[in-house]
Amino acid sequence: MAAGVAAWLPFARAAAIGWMPVANCPMPLAPTEKNKRQDELIILNVSGRRFQTWRTTLERYPDTLLGSTEKEFFFNEDTKEYFFDRDPEVFRCILNFYRTGKLHYPRYECISAYDEELAFYGILPEIIGDCCYEEYKDRKRENAERLMDDNDSENNQEGSMPSLSFRQTMWRAFENPHTSTLALVFYYVTGFFIAVSVITNVVETVPCGTVPGSKELPCGERYAVAFFCLDTACVMIFTVEYLLRLFAAPSRYRFIRSVMSIIDVVAIMPYYIGLVMTNNEDVSGAFVTLRVFRVFRIFKFSRHSQGLRILGYTLKSCASELGFLLFSLTMAIIIFATVMFYAEKGSSASKFTSIPASFWYTIVTMTTLGYGDMVPKTIAGKIFGSICSLSGVLVIALPVPVIVSNFSRIYHQNQRADKRRAQKKARLARIRVAKTGSSNAYLHSKRNGLLNEALELPGSTEEEQHMTKGTSLIESQHHHLLHCLEKTTNHEFIDEQLFEQNCLEGSMQNYPSSRSPSLASARGLGTSCCSRRHKKSTHLPNSSVPATRLRSMQELSTIHIQCSEQPSLSASRSSLNMKADDGLRPNCKGAQITTAIISIPTPPALTPEAESRPGPGSPATNAPGAAASVVKVSAL
Amino acid sequence: MERTSLHNDSLLYASLIAILLLISYWFTTRCFKIISGIEDSVEDEFELSTVCHRPEGLEQLQEQTKFTRKELQVLYRGFKNECPSGIVNEENFKQIYSQFFPQGDSSTYATFLFNAFDTDHDGSVSFEDFVSGLSTILRGTIDDRLNWAFNLYDLNKDGCITKEEMLDIMKSIYDMMGKYTYPAMREEAPREHVENFFQKMDRNKDGVVTIEEFLESCQKDENIMRSMQLFDSVI
């Protein structure tokens, strides 16, 4: 429960008036304030700055320093105030947390100082509100990275490394060449061979002088063997590198799908395909085109250059803007090409033979290249040609700054969106944790609470204080409210796992007769506070299962609050007579502990005459994972 | 022939130029309108409702309700903390109420509560409505409380509770339990509970429960009487 609404708890409890007339059972007793204190102002003196607040404000969060009795350690008897020798600036935020329920992170604070203060006051940083959580996480990450970098550089200088597996060291070496000399050597060797490969591809095509008796040959054909050897050497190195990376990759599947590995594969495939297909003449034409892909080796340089990687990423992220630029250019080209074609149609020997032919002119003009191979001759053509070149400048120059500014915006936005998406999961998880936390708190206190109620009646205050040290008054009131709801609806809150367990068991067990019943000495015990409403016989086949299971699952340690008076129980089927059921309900106010409950023998289907069945005892908790067999409860 | 074709052509091209110019002019004005249009819509959004409601004075509230001065102070502080504007609307109400029931869905019941607290039916609960409702529940006589509960159940405020109204209320209460209950929540559970209720309350078996039947039956029921006394110690 968000303690910010703790002040509305009286309202929520008052709203429970809607449940009272429809409930069939009496409600549990309300928790009383043991030491009822008037709400008072307490003074918190933090390094000289005095803060004042109500005591109840601080008690909203009983598991922090200020909300619990831990603050008594800081009480100064002389000045009757609580003195903390800590930073008053940060304390302002912390006190606001108690007041508003939201913890904010001030931007000017140092992150580690803030963390220390939070740790001192017992507040988890996860509660920081959404408005400041991003900033907090960013700063924390930056700080951690800085510290890690410092540590790393220290480690590198010292030369001591934690022992990683061989595979992990290899991967680290590949990713970061500066980790060891071997990695650096590998890095430079591969870079060298990439350069060699690219240069050979280029030089292969240069005409190399004439061989006597034949025409000019490119170097590739003249020194075919040498070039083939070079190519083979490069491809071998690249293959070995690829296989090593594949071996060392932490996630092989992800590695195969990554861009760099695809480039690697594309770079070395032509060679192997060429080896396989040298004999077939038809395919060699296609093979020649495959050799074009060898130029992709140049992209392998992006592993060696951070800038290339960033460029690739920015192009990817600016794709929509680039697409818009392309689209507007295309529109303009088509328009002007059409216009130029029709304008130049009249002139003789015009190069503008068709609209697609005019595309070339338009592109060259709009990008202000102006090759001059196609020139308009008519006046109209020249007019439109000049309009075309002017508009070309505009069309191209306008989106580019937009792209540039968009790039920085999109880049940061993408990072923020990814962060937010990652944090959304964390945020939902936190909300869920808080919710389950409060419901778990209820379930937990239910189990404890029963013992408290049991022990409370003999009236030993020390014991009960010892038991209730975990729950504040507000929490106990909230739990009382949930308890009333349970009583009204005759169902209990359980946690998820238990629920699934029950569902599984319910589906497995169709007939309850497999259980070995133990005889109920419950005959004379009287009903518990809330006897279960027995279903009509038509429902019994379905409903008897949970009923039986409940009864047979009663925990050894639960104690039922028994009522001292034994109502005269007739053998009437209470399922048919609700009035009699009402009368059966004993006066639980003067409850004492007499005996414990033992589980019920048979389901209602089998023994309709069974009277005074001790109810499933809603106050009892469900045994978490209790055995399916019948259990006996020991008496006090 | 050259001249005539040129003459015709130049007309055509002049018209083309004119069209181009028109298009560019329209384009620029369109952009302008878009920019100014955006500004308009942005300004429209700035009409925030800054309604602030101040309750009546402390003395008047003391007279109207049965709370002491200190209690009213505590109540108002809590109220204002959650609703700085001084009034609660239905959404806010539902959200506040749902914080107390993490496992189930309390929105329907919260709606019914809201309608019961909002006595003047203006769509919002002010502090006076809030505190007068609380005063009846927490400081009123048992009859007052029963009356208030009857008012809550009677959704259309016609003086009697029909089975459908009771079924709605019952379903909303069962919804608050959520999914993870023991025993598992069945579809018929609210309906059976309603049958139960009507059997108990409906004296003349006419299918509706009037206020007199309700009061009579509740006064006869020990459990209900005892539960009503629980509210004495809430504040």
Side-chain angles (χ1 to χ4, degrees), chain A residues 1-2 4-15 17-27 30 32 39 99-100 339 343 346 379-380 383-384 387 435-436 438-439 478 481-482 485-486 488-489 491-496 498-499 502-503 506 533 546-547 550 578-579 582 585 589 622, chain B residues 5-6 9-10 13 16-17 20 74-75 77-79 81-82 96-97 99-103 109 112-113 130 133-134 137-138 145-146 148-149 152-153 169-170 173-174 176-185 189 192-193 196-197 199-200 214 218 221 223-224 226-228 230-231 233-235:
Chain A
M1 178 180 76
V5 292
W8 280 64
L9 190 58
F11 158 72
R13 301 182 69 207
I17 195 172
W19 312 338
M20 303 296 155
V22 296
N24 296 315
C25 319
M27 291 293 138
T32 51
D39 202 6
R99 291 178 181 138
T100 62
V339 167
I379 296 179
I383 290 175
F384 286 118
I387 295 178
K435 271 195 162 179
T436 52
S438 76
S439 48
H478 186 214
L481 184 66
L482 293 174
L485 183 61
E486 285 185 340
T488 309
T489 56
H491 290 65
E492 284 177 39
F493 286 111
I494 52 173
D495 59 18
E496 243 181 277
L498 208 52
F499 179 73
N502 293 347
C503 289
R533 257 182 312 127
L550 165 62
M578 284 322 298
K579 292 247 167 68
D582 285 353
R585 240 160 254 116
K589 206 155 197 177
N622 303 296
Chain B
S5 70
L6 210 65
D9 285 345
S10 57
Y13 301 139
L16 274 173
I17 292 173
L20 267 177
V74 169
L75 279 173
R77 282 205 296 264
F79 184 84
N81 207 13
E82 244 352 84
I96 293 172
Y97 198 66
Q99 306 226 12
F100 294 102
F101 301 97
Q103 272 195 335
Y109 189 69
F112 297 144
L113 276 178
F130 180 71
L134 279 189
I137 300 175
L138 301 179
R145 293 176 187 169
L146 290 172
W148 202 94
L152 173 69
Y153 296 147
I169 300 258
M170 203 61 77
I173 295 181
Y174 274 79
M176 282 198 278
M177 289 294 293
K179 210 171 72 149
Y180 303 118
T181 59
Y182 186 80
M185 194 66 74
E192 285 172 13
H193 205 145
N196 210 350
F197 178 78
Q199 246 176 351
K200 232 190 331 178
F214 184 75
C218 288
D221 189 334
N223 287 327
I224 297 183
R226 209 175 313 114
S227 346
M228 286 294 163
L230 266 179
F231 293 105
S233 61
V234 167
I235 275 198

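Chain A is the first sequence line, chain B the second, and so forth, proteins listed ahead of strands; every chain is numbered from 1.
In this structure A/Trp19 satisfies the side chain to side chain donor-acceptor pair (under 3.5 Å) test together with B/Tyr109, sequence neighbours excluded. By the side-chain contact (heavy atoms from CB on, under 4.5 Å) test, A/Val22 is found to be paired with A/Thr488, B/Tyr153, B/Met166, B/Met170, B/Ile173, B/His193, B/Phe197, residues two or more places apart in sequence or in another chain being considered.
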Yes or no on ring-ring contact (aromatic ring centres under 6.0 Å, His included) for B/Phe130 and A/Phe11, after CA distance, side-chain angles and deciding distance? CA-CA 9 Å; B/Phe130 180 71; A/Phe11 158 72; 5.5 Å; yes

Could you walk me through whether A/Trp8 and B/Phe79 pass the ring-ring contact (aromatic ring centres under 6.0 Å, His included) check? CA-CA 7 Å; A/Trp8 280 64; B/Phe79 184 84; 5.6 Å; yes

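With values rounded to the nearest 0.5 angstrom, A/Leu485 atom CG is found 10.0 Å from B/Gln103 atom CD. Interatomic distance, CE of A/Met20 versus CD1 of B/Ile137, reported as 10.5 Å (0.5 Å rounding).
Considering only heavy-atom pairs separated by less than 4.5 Å from chain A, the leading option among B/Leu230, B/Leu113, B/Val74 is B/Leu230. Here A/Gly18 is the residue among A/Pro10, A/Gly18, A/Ala12 with the most heavy-atom pairs under 4.5 Å with chain B.
Contact of A/Leu482 with chain B is made through the side chain alone, with heavy-atom distances under 4.5 Å. Using a 4.5 Å cut-off between heavy atoms, B/Ile169 does not touch chain A at all. Only the backbone of A/Ala23 comes within less than 4.5 Å of a heavy atom of chain B; no side-chain atom from C-beta onward does. Using a 4.5 Å cut-off between heavy atoms, A/Ile379 makes no contact with chain B at all.
In terms of heavy atoms, A/Arg13 sits closest to B/Phe231 at O-CE2, 3.1 Å. Contact detail for A/Pro21 and B/Lys200: the closest heavy-atom pair is O-NZ, 4.2 Å.
Aromatic ring orientation, B/Tyr174 versus A/His491: perpendicular (interplanar angle above 60°, classes split at 30° and 60°).
Looking at A/Glu492 and B/Met177, their side chains never come closer than 4.5 Å, going by heavy atoms from C-beta outward. Taking 4.5 Å as the limit, some side-chain heavy atom of B/Met228 sits within range of a side-chain heavy atom of A/Ile17.
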